[in-house]
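Since the structure comes first, as structure tokens, the remarks are kept for the end.
Positions are given from 1, in the same order as the sequence printed here. None of these values were measured; they are calculated from a predicted model.
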Amino acid sequence: MTLRRVLVPGLLGLLIPFVLVSTVSAAVKHTVSPGETLTFIALVYKTSVEELASANGILNPDFIYPGQEIDVPGDDDGPSSSTGGSYTVQSGDTLSAIAYEHGTTTDELASANGIGDADLIVVGDVLTIPGDAPSASVVAGVPKLQFPVRPWDPDVEAIIDELAAEEGIDAGLVKAIATVESGWSQWALSHAGAIGVMQVMPGTVAWLEDDVFYYDLNEYDSVWDNVRLGVRYLHILLDSTGWDLYDTAAAYYQGLSPTQAGVYYPDTADYASMVLSVKAAYWP
């Protein structure tokens, strides 16, 4: 999910802390939904990641979590409500992004176009934008979800359960990390390049493929491979921290070396506490 997970065994990374000061008043509040990134929210509100980070004092643009309220700078009242029409799918589009942009919901957009799997849309497809007013759960086209939420998919859950059992680790910990990291979305891609359900970093993937699995995995397109990478990494971190859940979550976020050295970055405590809170709420 962030630039913090660069796994270089034995190497202690350095962090130079800095403070972001808000200089722009916020006209809109956006409640973060599972799987959303600051980049995505910036796109929806036609602003920049830097402006959102500055307006909210966010030190790490890759650390936002479901239920967090984001102040959106500027005078825009947010995405307008849907007035109908059509939209041609472009490269990089997701159904949720299109729905947000047109003031409707993913479910309403999928229903209007007979889409059974919201993750499967094709570049060049022309989508019908429903013209009815958004449902009661939407305000100005933005779903208002309260944390904690239950974003999980039964197919993803089955994969997590099976792979966690193979590794002999608590599936609840995996599910809690997947909830905070991506909202269980394989299509989540962070500002720093973290990938998929488990938001594995490319550097961590390369290390696991070269030195642990000894074969390549498809972390981009395969939920199974993405979760396998994340679960094996978690097992390694659990072994390395003496199966301390807090330190394991912290190491997943900021890296093992600083955690073992007793160095915790400013937002690590928030992340680790969030993971343990989600686990306690749903998978104690």
Check: For Tyr214, what residues pass the ring pair (Phe, Tyr, Trp, His ring centres under 6.0 Å) criterion, not counting sequence neighbours?
Finding: none
Next item on the list: Answer with yes or no whether the side chains of Thr259 and Gln254 bring together a donor and an acceptor at under 3.5 Å.
Entry: yes
Notebook entry, point to check: Taking atom types as modelled, is there a side-chain donor on Tyr271 or Glu181 under 3.5 Å from an acceptor on the other?
Noted result: yes
Item checked: side chain to side chain contact (heavy atoms under 4.5 Å, CB included) between Val278 and Trp283, worked out -> CA-CA 8 Å; Val278 172; Trp283 303 285; 3.8 Å; yes
Next item on the list: Starting from the C-alpha separation in whole Å, work towards a yes-or-no answer on side chain to side chain contact (heavy atoms under 4.5 Å, CB included) for Lys175 and Glu157.
Entry: CA-CA 8 Å; Lys175 294 172 187 177; Glu157 185 161 37; 3.0 Å; yes
Notebook entry, point to check: Is there a donor-acceptor contact under 3.5 Å linking the side chains of Ser182 and Gln199?
Noted result: no
Item checked: Side chains of Phe213 and Leu229 in contact at under 4.5 Å (non-hydrogen atoms) -> yes
Margin query: Is it true that Asp210 and Tyr215 share a donor-acceptor pair across their side chains at a distance under 3.5 Å?
Written below: no
Next item on the list: Could you tell me the separation between the CH2 atom of Trp224 and the CG atom of Asp155, rounded to the nearest 0.5 Å?
Entry: 12.0 Å
Check: In Å, rounded to the nearest 0.5 Å, how long is the span from OH of Tyr246 to OG1 of Thr241?
Finding: 12.5 Å
Note to self: Quick check for you: to the nearest 0.5 Å, what is the distance between Arg232 atom CZ and Leu217 atom CG?
What the structure shows: 9.5 Å
Checklist line | Spacing of CD belonging to Gln186 relative to CG belonging to Asp221, to within rounding of 0.5 Å | finding: 7.5 Å
Check: Under a 4.0 Å N-O cut-off, is there an ion pair linking Glu219 with Arg228?
Finding: no
Notebook entry, point to check: Do you know which two heavy atoms are closest between Asp153 and Trp184, and how far apart they sit?
Noted result: N-CE3, 3.4 Å
Checklist line | Atom pair CG/CG of Leu208 and Asp225 - distance to nearest 0.5 Å | finding: 12.0 Å
Margin query: Does any part of the side chain of Trp187, heavy atoms only, come nearer than 4.5 Å to the side chain of Val197, both counted from C-beta?
Written below: no
